[in-house]
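Worksheet: the structure to be examined is printed underneath.
Predicted, not measured: the structure shown is a model, and the values here were computed from it. Side-chain atoms are counted along with the backbone in the values below, which use heavy atoms only and exclude waters and symmetry mates. For the single chain, residues carry numbers from 1 onward in sequence order. In listed order, ligands and their atoms are each counted from 1.
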Amino acid sequence: SHGRTTEILISEKFQPPLLLQTFGFEVGCIAPAPHCGINNATHSGLRLPSPTICNCCDYCMPFFGKGEYCSLGGPGTGTTVGRCGPGLTCTDDEDAHSNCQRITSKCHDAQDEYDKRYEQGTVGSLEFRRQCDGRGNFSTFDCVPTQTCFCQSENGERIFGEMLEMGAVTIRNMHCGCSRFHEKMAKNIAPGVPYPVEGPRCTSDGNFNPVQCLNRTCYCVDKITGVALRRDSINLDEKPITELSCYDEETDLFPSQSLGEAPYNYTTPCLEHVKAQIALLKQSVEDGFDVDFFSSIRGCLPDGTFGRIDVVNGTKICIDERRQRIGEYEALRHTPEYETMNCKCAQTQQTMGNSLERPVCCKNGNFREIQCRRGICRCVDPDGRQVYEENSDVTKLSCFNPNQKDWREC
Ligand SMILES: *[C@@H]1O[C@H](CO)[C@@H](O)[C@H](O)[C@H]1NC(C)=O
Ligand SMILES: *[C@@H]1O[C@H](CO)[C@@H](O)[C@H](O)[C@H]1NC(C)=O
Ligand SMILES: *[C@@H]1O[C@H](CO)[C@@H](O)[C@H](O)[C@H]1NC(C)=O
Ligand SMILES: *[C@@H]1O[C@H](CO)[C@@H](O)[C@H](O)[C@H]1NC(C)=O
Ligand SMILES: *[C@@H]1O[C@H](CO)[C@@H](O)[C@H](O)[C@H]1NC(C)=O
């Protein structure tokens, strides 16, 4: 049951902390491995309850670095002393000696490619090195420096959830747990179920909405883990959601549901619409109609909204989570801009508020491929991330199209 990443290491360098016993008297603990206290690039570890009878010694399980000896034996094979550090796995080399090697993965490949270009001096100034987790998967979010950060799947695909790029503040507040929950749910159960399944409600940054409801009962959860907190709950048949301790006016997209008289609600137009469609579908099946299940009822975004693109009189426009139009962005039917419209740039602009360094968007709200900042231009991908090096001469950029009348227009 133990994967190759959790193997246990036997080494003579570090002794497990044992209670030294002399004539039956406890005289103290062996000093723990220093790694947990140092915690730098080459020396780190994990503090654990000590494997002594009383669990009373300070214990540090060291993480071993790249190339260091490790054992493929599972727990119970000898003394548990340490294991390969994050991103490493215990692998046999040509001579069948086990040592810690970097896990082969798409994220590590992306890092290696970045590092190679970094050495060659061809990394763009606004390019971020992709972050991987301890298993070599992509970490929970990716950022465009000076703009925004957005949630990503373990595969590195952008998913729901975006917030302002604010360095340490982002790292502290952006966890994307709710967003990833939806992504996994869609991947794992969608193929077997003919209609959208409602997951936990998320906030626009990809965290769990602190207010979650089951039928008519609402309660509070931790925005990072989604785990229910306290025993505080309310019944919407009696009280509005505003009376719940974790209710936050800022994140309530439809506050009018708490006005007027009971019964109150805490739902969204999209969730209600989907619920009604599912009921209709089930009724049709019960009535013996031959319903094409897979003609698909479209689900809502993880925050319960319809989406960030609306169609009005046949024209697509960009909207925010409250269904307010963003800027003048639009695309007419039967145009290529209509088909490719994603409003990602419009969303980023909206998230950045009135910052002066907002990206420039195409007329349909997508990122313009060429972005300029302080006289230097760069090419960006559809998520606004810089690709290749910047240049003060626009015509030298790889994404510059000489056949286009004006590179500023799109
Ligand atoms: C980490 O700390 C140890 C012990 O203080 C030191 O020997 C080692 O060089 C340090 N490594 C780095 C990368 O700073
Ligand atoms: C994440 O890492 C684990 C362990 O290496 C692997 O089994 C899993 O498939 C990875 N997930 C993705 C999406 O690659
Ligand atoms: C929610 O309502 C449905 C149908 O009314 C019922 O089957 C289900 O048991 C309820 N769930 C809870 C947790 O009360
Ligand atoms: C809650 O929803 C019900 C059913 O749609 C409706 O009758 C009621 O007026 C709503 N309550 C409020 C306060 O909007
Ligand atoms: C949609 O078209 C109708 C009829 O042409 C017009 O009255 C209405 O104002 C249009 N709506 C918008 C949002 O443009």
Side-chain angles (χ1 to χ4, degrees), residues 9 11-15 17 30-48 58-70 81-88 99-103 108 111-112 114-115 118-119 129 131-132 134 195-196 198 201 209 211-220 233-283 297 299-300 303-306 321-324:
L9 188 133
S11 159
E12 315 226 300
K13 272 193 280 185
F14 303 99
Q15 293 295 322
I30 281 185
H35 296 63
C36 295
I38 299 171
N39 213 7
N40 65 14
T42 52
H43 290 65
S44 66
L46 188 65
R47 266 185 220 288
L48 291 173
D58 188 15
Y59 179 53
C60 171
M61 180 177 71
F63 285 147
F64 290 91
K66 197 171 164 187
E68 286 196 72
Y69 173 74
C70 54
V81 181
R83 69 161 193 232
C84 294
L88 301 174
N99 57 56
C100 298
Q101 289 302 329
R102 200 138 177 273
I103 295 168
H108 282 168
Q111 287 188 334
D112 293 347
Y114 178 98
D115 294 344
Y118 188 85
E119 269 173 30
R129 186 173 189 261
Q131 302 286 308
C132 311
Y195 42 76
E198 189 179 333
R201 199 99 68 89
N209 189 321
V211 177
Q212 301 286 338
C213 302
L214 255 180
N215 292 344
R216 304 287 297 161
T217 303
C218 300
Y219 54 99
C220 298
S233 73
I234 61 148
N235 185 333
L236 291 171
D237 289 335
E238 292 151 19
K239 286 182 177 171
I241 198 70
T242 50
E243 302 215 354
L244 193 62
S245 61
C246 57
Y247 172 81
D248 175 11
E249 224 175 331
E250 294 257 306
T251 54
D252 187 353
L253 303 180
F254 306 97
S256 67
Q257 298 178 105
S258 298
L259 303 177
E261 307 267 306
Y264 301 97
N265 304 301
Y266 189 65
T267 180
T268 71
C270 182
L271 292 172
E272 290 304 294
H273 175 75
V274 168
K275 211 183 281 174
Q277 279 194 302
I278 291 172
L280 195 67
L281 190 101
K282 284 184 173 162
Q283 189 59 49
I297 299 173
C300 307
D303 63 356
T305 62
F306 281 104
E321 67 223 58
R322 289 169 208 269
R323 245 185 155 162
Q324 299 297 310

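Taking the six-membered ring where the residue is Trp, Tyr247 and Tyr266 present perpendicular rings, their angle passing 60° and hence far from 30°.
Remark: the backbone N or O of Gly304 is paired with a side-chain donor or acceptor of Thr268 at under 3.5 angstrom. At distances below 3.5 Å, not a single donor-acceptor pair connects side-chain atoms of Glu238 with backbone N or O atoms of Ala262.
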Problem set entry | Trace of the side-chain hydrogen bond (donor to acceptor under 3.5 Å, both in side chains) decision for Glu272 with Thr267 | CA-CA 7 Å; Glu272 290 304 294; Thr267 180; 2.8 Å; yes
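Seen from the ring of Tyr264, Arg216 does not count as a face-on cation partner, given the 6.0 Å and 45° thresholds.
Geometrically, ligand 4 and Leu259 share no nitrogen or oxygen pair separated by less than 3.5 Å. The shortest N or O to N or O distance between Asn265 and ligand 4 is under 3.5 Å.
Taken as a pair, Cys300 and Cys270 meet the criterion of an SG-SG distance shorter than 2.5 angstrom.
Nearest protein neighbour of atom 7 (O) of ligand 1, counting heavy atoms only, is His43 CE1, 4.3 Å. Protein heavy atom in closest approach to atom 4 (C) of ligand 1: Ile38 CD1, 3.7 Å. Taking atom 2 (O) of ligand 1 as the reference point, the nearest protein heavy-atom neighbour is Asn40 ND2, 2.4 Å.
The heavy-atom pair separating Ser44 from Asn40 by the smallest distance is CB-O, 4.1 Å.
Contact between Pro263 and ligand 4 is present, with at least one heavy atom of the residue lying under 4.0 Å from the ligand. Using 4.0 Å as the threshold, Glu272 has no heavy atom nearer than that to any atom of ligand 4.
Within ligand 4, the atoms closer than 4.0 Å to a non-hydrogen atom of Glu261 are 13 (C), numbered from 1 in the order shown.
Note that atom 9 (O) of ligand 1 has no protein non-hydrogen atoms nearby, at separations under 4.0 angstrom. Distance check for atom 14 (O) of ligand 4: a protein heavy atom is found below 4.0 Å.
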